[in-house]
Amino acid sequence: MGNFQERFYLNFIKDDRWMYMLDGLKVTLEVTLFATLLGIMIGFIVAIIRSTHDRTGKMKIMNALCQVYLTVIRGTPAVVQLLIMYFVIFGSVKGVSKVLVAVLAFGINSGAYVAEICRAGIMSIDIGQMEAGRSIGFSYAQTMWYIILPQAFKNVLPALGNEFIVLLKETSISGYIALQDLTKGGDIIRSRTYDAFMPLIGVALVYLVLVLGFTKLVSMLERRLNQSER
């Protein structure tokens, strides 16, 4: 197997093989960022519909559709959803961007979990806030937009940060559609050198550093939010 230095050189230095992981890291971060944004957008829309139904009894059909969406997405594996998105929904589309497919698949998947986070945030706001908004002449939509949602968003921001971290790790299955993300980059190195230890440990360490870094940022954000409430 050779010593550590030789294996490190073979796996990362020779032929600039470290570039496979660097390029894969860029794709992983790109997919994670845009999928998170899409998930937050979907999640807030679903959360508003469901919380509106819970408090007013309106939007019954939309609420039923949202419940079907939540049940299906949360009840099936993300990897299956990714494969369906690529091979079924976009199967007949030539030259479709795999990054786009991954963003849509992970964004829709994340949206189901974000929806419950945001719904809990909205329902945590005292009903008196809604009544106060309506008493000063705001419509239901205006009260929700100007009074309820800003407070709810502040409450769920740390949880959304954790969802970003979960999604970052979940994108490691992107290789199932031959998207060269970080994990796939490490697997390509393994296929070149026939040495599984170095590239896979390298990929694991990069993920670990990313998760620790983002976890630290989320913790700092929580502390700042707690300080601002005092």
Side-chain angles (χ1 to χ4, degrees), residues 12 18-47 70 73-74 77-79 81-82 85 97-122 124 149-177 179-189 198-230:
F12 301 117
W18 60 275
M19 288 295 295
Y20 288 117
M21 289 180 60
L22 179 61
D23 292 339
L25 175 60
K26 294 176 183 177
V27 172
T28 292
L29 292 176
E30 181 182 5
V31 171
T32 303
L33 174 61
F34 288 107
T36 300
L37 294 175
L38 178 60
I40 290 174
M41 182 178 68
I42 294 173
F44 261 95
I45 293 172
V46 173
L70 293 173
I73 296 300
R74 298 176 71 184
V79 64
Q81 296 168 21
L82 179 65
M85 183 68 72
S97 169
K98 294 176 182 177
V99 171
L100 174 62
V101 172
V103 167
L104 290 174
F106 290 119
I108 292 171
N109 177 271
S110 178
Y113 297 93
V114 171
E116 292 303 286
I117 293 172
C118 295
R119 176 171 169 266
I122 293 172
S124 70
L149 287 183
Q151 296 180 70
F153 184 74
K154 183 178 180 180
N155 291 343
V156 303
L157 202 52
L160 293 179
N162 289 324
E163 174 62 22
F164 177 85
I165 294 171
V166 170
L167 191 57
L168 172 68
K169 293 183 291 184
E170 197 169 62
T171 58
S172 60
I173 61 175
S174 298
Y176 277 90
I177 61 171
L179 178 63
Q180 190 179 323
D181 67 326
L182 176 58
T183 303
K184 187 66 174 178
D187 196 50
I188 291 173
I189 296 175
M198 277 286 181
L200 294 181
I201 292 298
V203 168
L205 288 175
V206 172
Y207 274 115
L208 180 61
V209 170
L210 289 174
V211 169
L212 290 176
F214 287 125
T215 300
K216 181 67 175 179
L217 290 175
V218 171
S219 298
M220 291 171 61
L221 178 62
E222 287 187 56
R223 283 199 298 271
R224 293 204 62 169
L225 289 176
N226 291 333
Q227 290 173 358
S228 66
E229 290 175 356
R230 294 173 184 172

Evaluation steps, side-chain contact (heavy atoms from CB on, under 4.5 Å), between Leu149 and Ile122: CA-CA 7 Å; Leu149 287 183; Ile122 293 172; 3.9 Å; yes
Side-chain touch Lys184/Leu179, heavy atoms, less than 4.5 angstrom: no
Interatomic spacing from CD1 in Ile117 to CG in Asn155 - rounded to 0.5 Å: 12.5 Å
Shortest non-hydrogen separation from Gly43 to Val114 and the atoms involved: CA-CG1, 3.9 Å
Leu25 side chain reached by Leu29 side chain, heavy atoms, under 4.5 Å: yes
More than 12 heavy atoms of other groups within 6.0 Å of Phe34 CZ: no
Shortest non-hydrogen contact from Ala35 toward Leu167: CB-CD2, 3.7 Å
Side chains of Leu33 and Val103 in contact at under 4.5 Å (non-hydrogen atoms): no
Min side-chain heavy-atom separation Phe106-Ile173 under 4.5 Å: yes
Taking every non-hydrogen atom, the tightest pair across Ala47 and Arg119: CB-N, 3.4 Å
For Leu82 against Ala105, the heavy-atom pair lying closest together: CD1-CB, 3.7 Å
Value rounded to 0.5 Å, distance of OH in Tyr113 from CG in Leu70: 10.0 Å
Heavy-atom closest contact (Pro199 atom, Gly186 atom, distance): CB-O, 3.3 Å
Straight-line distance of Leu205 CG to Leu210 CG, nearest 0.5 Å: 11.0 Å
From Thr32 atom OG1 to Leu37 atom CG, the distance as rounded to the nearest 0.5 Å: 11.0 Å
Side-chain heavy atoms of Tyr207 within contact of Thr28, under 4.5 Å: yes
Side-chain heavy-atom pair Val101, Ile177 within 4.5 angstrom cut-off: yes
Shortest non-hydrogen contact between Ile73 and Asn109, atoms and distance: CG2-CA, 3.6 Å
Nearest-0.5 Å distance, CG of residue Leu208 to CD1 of residue Ile201: 11.0 Å
Note, Ser110 side chain near Glu163 side chain (heavy atom, < 4.5 Å): yes
Mutual orientation of the aromatic rings belonging to Phe164 and Phe214 [parallel < 30°, tilted 30-60°, perpendicular > 60°]: perpendicular
Distance in Å, Lys216 NZ paired with Leu221 CG, rounded so as to fall on 0.5 Å steps: 13.0 Å
Gln81 side chain near Ile108 side chain, heavy-atom distance below 4.5 Å: no
